[in-house]
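Note that the structure is a prediction, hence the values are computed from the model and not measured. Convention: sequence-line order gives letters A, B, ...; per-chain numbering from 1.
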Amino acid sequence: MIKWSNKTIKAFQETLLAWYDQNKRDLPWRQDQDPYHVWVSEIMLQQTQVETVIPYYLRFMNEFPTIEDLAAAPEDKLMKAWEGLGYYSRARNLQKAAQQIVFDYQGQWPTTAKELQELSGIGPYTAGAIASIAFGQPVAAVDGNAFRVFARLLEIDDDVAKPHTRQVFEKIINPIVPKNRPGDFNQAIMDLGASYMTATNYDTSQSPVKDFNQSYLDGIEDHYPVKTKKKRPVRHDYFGVVIHSKAGYLFEKRPSHGILANFWMFPLFDRKNLTDDQPVTESTLIDIIETRLQTDYQLSVALHPVSTPTVVHTFTHQQWKIKLLEGQIAENIDLSYFPGKWIHSSEFDQMTFSKVQSKMWSAYQKTLKSTQSIDESAVDQKTNR
DNA sequence: CACTCGTGGTT
DNA sequence: TAACCAAGAGT
């Protein structure tokens, strides 16, 4: 790792900001420095690409123009606005923080990074981003871009996958952030990291700060940033059960903690929870599910496999393979024993579906074709984006 | 500190 | 295809 003199720091700041002034991206949340705008965009941008966020941001600001609107929003409208963005606890924390600011702080935003971190969903990066962009505080905003850019510029060898490394980078970057334009500086680093200094296919030879890029000058740019590998996703095999009746489709609410918390989905049965790890035929497994529906929930239903390919969905740490089963219940639709409810497909529009639920519904619909279901006769429109 | 939490895109 | 990446935070 190398260290810059004060003179080099000054030259770097000027070069970077001059480039930024000419080449900064025109993004919807860069219209002004309103903390609400900066904050919502930063939360949406966590682990999410800019192009994905833009339409969500525009719709969100249309739906919830002020922090008061967000604080008062009903949960279903909030989740609907977030549908498809993923990491849904971001939306819940966003509203929690809005309520903290509106009700606990009387609408008065804290302005330092340290205070901002007290709010739900605001960690060290987002606190630095809001403090610098909206409030002009001279602090670093260390995200993946900053890790990558400064690791290459200064040949920093610390493993950026380790939590402790954040403090190392903050200590290095903070003295480089200019006191007069901290927000522009941090955003310039991000624009740099999204253009000439991307993770792969980067082109440093055209970079405005290539002369400051030690690893480039040394021809060892591909060594940086140092990052240890992630683990493979864990595999899960499920049966997804599509049961319909005159009352609609049977949905189950997921637990309030864990992946896709509180989402309504077609009931899932984990394949390996059905038997004691003994090899059995698929028809036996279907029998076991039918028995369980009968004994646990008093639902009498004959299930049969659906003629579409297995639904596959990969999360960051899990991969689900879902074999769809279908069945109808014509009578005895009492759900007093089942932790769920019947929902007509005409109501799907107003619900928030996870991507994997959309995939199941989409796959199931393809099997309907000419088949006449009790609930509906035609295919309807809940498509995956 | 290691692990968890979604989705879409690229290689 | 599997692996990795994209403006991270909570537990």
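The side chain of A/K355 approaches B/dG8 more closely than any other nucleotide in the set B/dG8, B/dC5, C/dA7. You'll find that the side chain of A/K229 is closest to C/dC4, out of C/dA7, C/dC4, C/dG8. Counting only heavy atoms from C-beta on, A/R148 has its side chain closest to C/dA7 among B/dC5, B/dT7, C/dA7. Minimum atom distance to the side chain of A/F315 is reached by B/dG6, of the listed B/dT4, B/dT11, B/dG6. Comparing B/dT4, C/dG10, B/dA2 against the side chain of A/P163 picks out B/dA2 as the nearest. Between C/dG8, B/dC1, C/dA7, one nucleotide has an atom nearer to the side chain of A/H164 than all others, and that is B/dC1. Checking C/dA6, C/dG8, B/dG6 against the side-chain heavy atoms of A/Y125 singles out C/dG8 as nearest.
Judged by distance alone, the side chains of A/H313 and A/Q318 never bring a donor and an acceptor atom under 3.5 Å apart. In this model, a donor atom of one side chain and an acceptor atom of the other lie less than 3.5 Å apart for A/D69 and A/T66. Using a 3.5 Å distance cut-off with no hydrogens or angles, the side chains of A/Q137 and A/S132 do not pair a donor with an acceptor.
Comparing the same atom, C1', in C/dA7 and in B/dC3 gives a spacing of 22 Å after rounding to whole Å. Taking the C1' atom of each, C/dG10 and B/dC1 are spaced 13 Å apart, rounded to whole Å. Between the P atoms of B/dG8 and C/dA9, the separation comes to 22 Å (whole Å). Between C/dA6 and B/dC5, the distance separating the two C1' atoms is 15 Å to the nearest Å.
The residue among A/L119 and A/Q49 whose nearest nucleotide of DNA chain C lies closer to the 5′ end is A/Q49. Residue order along DNA chain C, read from the 5' end via each residue's closest nucleotide, puts A/K231 first among A/G144 and A/K231. Map A/A261 and A/K162 each onto its nearest nucleotide of DNA chain B; the residue landing nearer the 5' end is A/K162.
Not one side-chain nitrogen or oxygen of A/N93 sits closer than 4.0 Å to the OP1 or OP2 atom of C/dA9.
With A/Y238 as reference, A/D270 is the one residue of A/T310, A/V311, A/L324, A/D270 to meet the side-chain contact (heavy atoms from CB on, under 4.5 Å) rule.
Within the 4.0 angstrom heavy-atom criterion, no nucleotide atom of any strand lies near A/T198. Residue-level contact check: A/N186 touches neither bases nor backbone, having no heavy atom under 4.0 Å from any strand. At a threshold of 4.0 angstrom between heavy atoms, the contacts of A/Q46 are confined to the sugar-phosphate backbone, with no base atom among them. Contacts of A/V50 with the nucleic acid, taken as non-hydrogen atoms under 4.0 Å apart, include base atoms. If you check every strand for non-hydrogen atoms under 4.0 Å, A/G258 touches sugar and phosphate atoms only. Among the atoms of the strands shown, only primed sugar atoms or phosphate atoms (P, OP1, OP2) are found under 4.0 Å from some heavy atom of A/Q318. Residue A/R30 is classed as a base contact, given a heavy-atom separation below 4.0 Å to a base. As judged by a 4.0 angstrom heavy-atom cut-off over every strand, A/L85 is placed among the base-contacting residues. Across all strands shown, A/A129 has no heavy atoms under 4.0 Å from either base or sugar-phosphate atoms. Heavy atoms of A/S120 sit under 4.0 angstrom from primed sugar atoms or phosphate atoms, though from no base atom. Using a 4.0 Å heavy-atom criterion, one finds that A/P233 contacts no nucleic acid atom at all. No contact: A/S41 has no heavy atom under 4.0 Å from any strand. When heavy atoms are screened at a 4.0 angstrom cut-off, A/W29 is found touching base atoms of the nucleic acid.
Within 6.0 Å of NE2 in A/H257 there are 12 or fewer heavy atoms belonging to other residues, nucleotides or ligands.
Here B/dT7 presents its C1' atom at 11 Å from CD1 of A/I259, a figure rounded to the nearest Å. Straight-line distance from the CG atom of A/N201 to the P atom of C/dC4: 16 Å, rounded to whole Å. Per the geometry, CG belonging to A/L94 stands 16 Å off P belonging to C/dG8, to the nearest Å.
Side-chain atoms of A/T316 come within donor-acceptor range of the base of B/dG6, with a qualifying N/O pair under 3.5 Å. Side-chain N/O atoms of A/T48 and base N/O atoms of B/dG6 include a donor-acceptor pair closer than 3.5 Å.
With A/F169 as the aromatic partner, A/R166 does not meet the cation-pi criteria of under 6.0 angstrom to the ring centre and within 45 degrees of the ring axis. Figure legend: cation-pi geometry between A/R148 and A/Y202 absent, as NZ or CZ is not positioned both under 6.0 Å from the six-membered ring centre and within 45° of its axis. Under a cutoff of 6.0 Å and an axis angle of 45°, A/K341 and A/W264 form a cation-pi pair.
Under the 4.0 Å criterion applied to side-chain N and carboxylate O atoms, A/K321 and A/D237 are not assigned as salt-bridge partners.
Applying a 4.0 Å cut-off to non-hydrogen atoms, the residues of residues 13-27 of chain A that approach DNA chain C are A/R25, A/L27, listed by residue number.
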Criterion side-chain hydrogen bond (donor to acceptor under 3.5 Å, both in side chains) on A/T314 and A/Q319, from CA distance to verdict:
CA-CA 4 Å; A/T314 306; A/Q319 181 174 80; 2.9 Å; yes

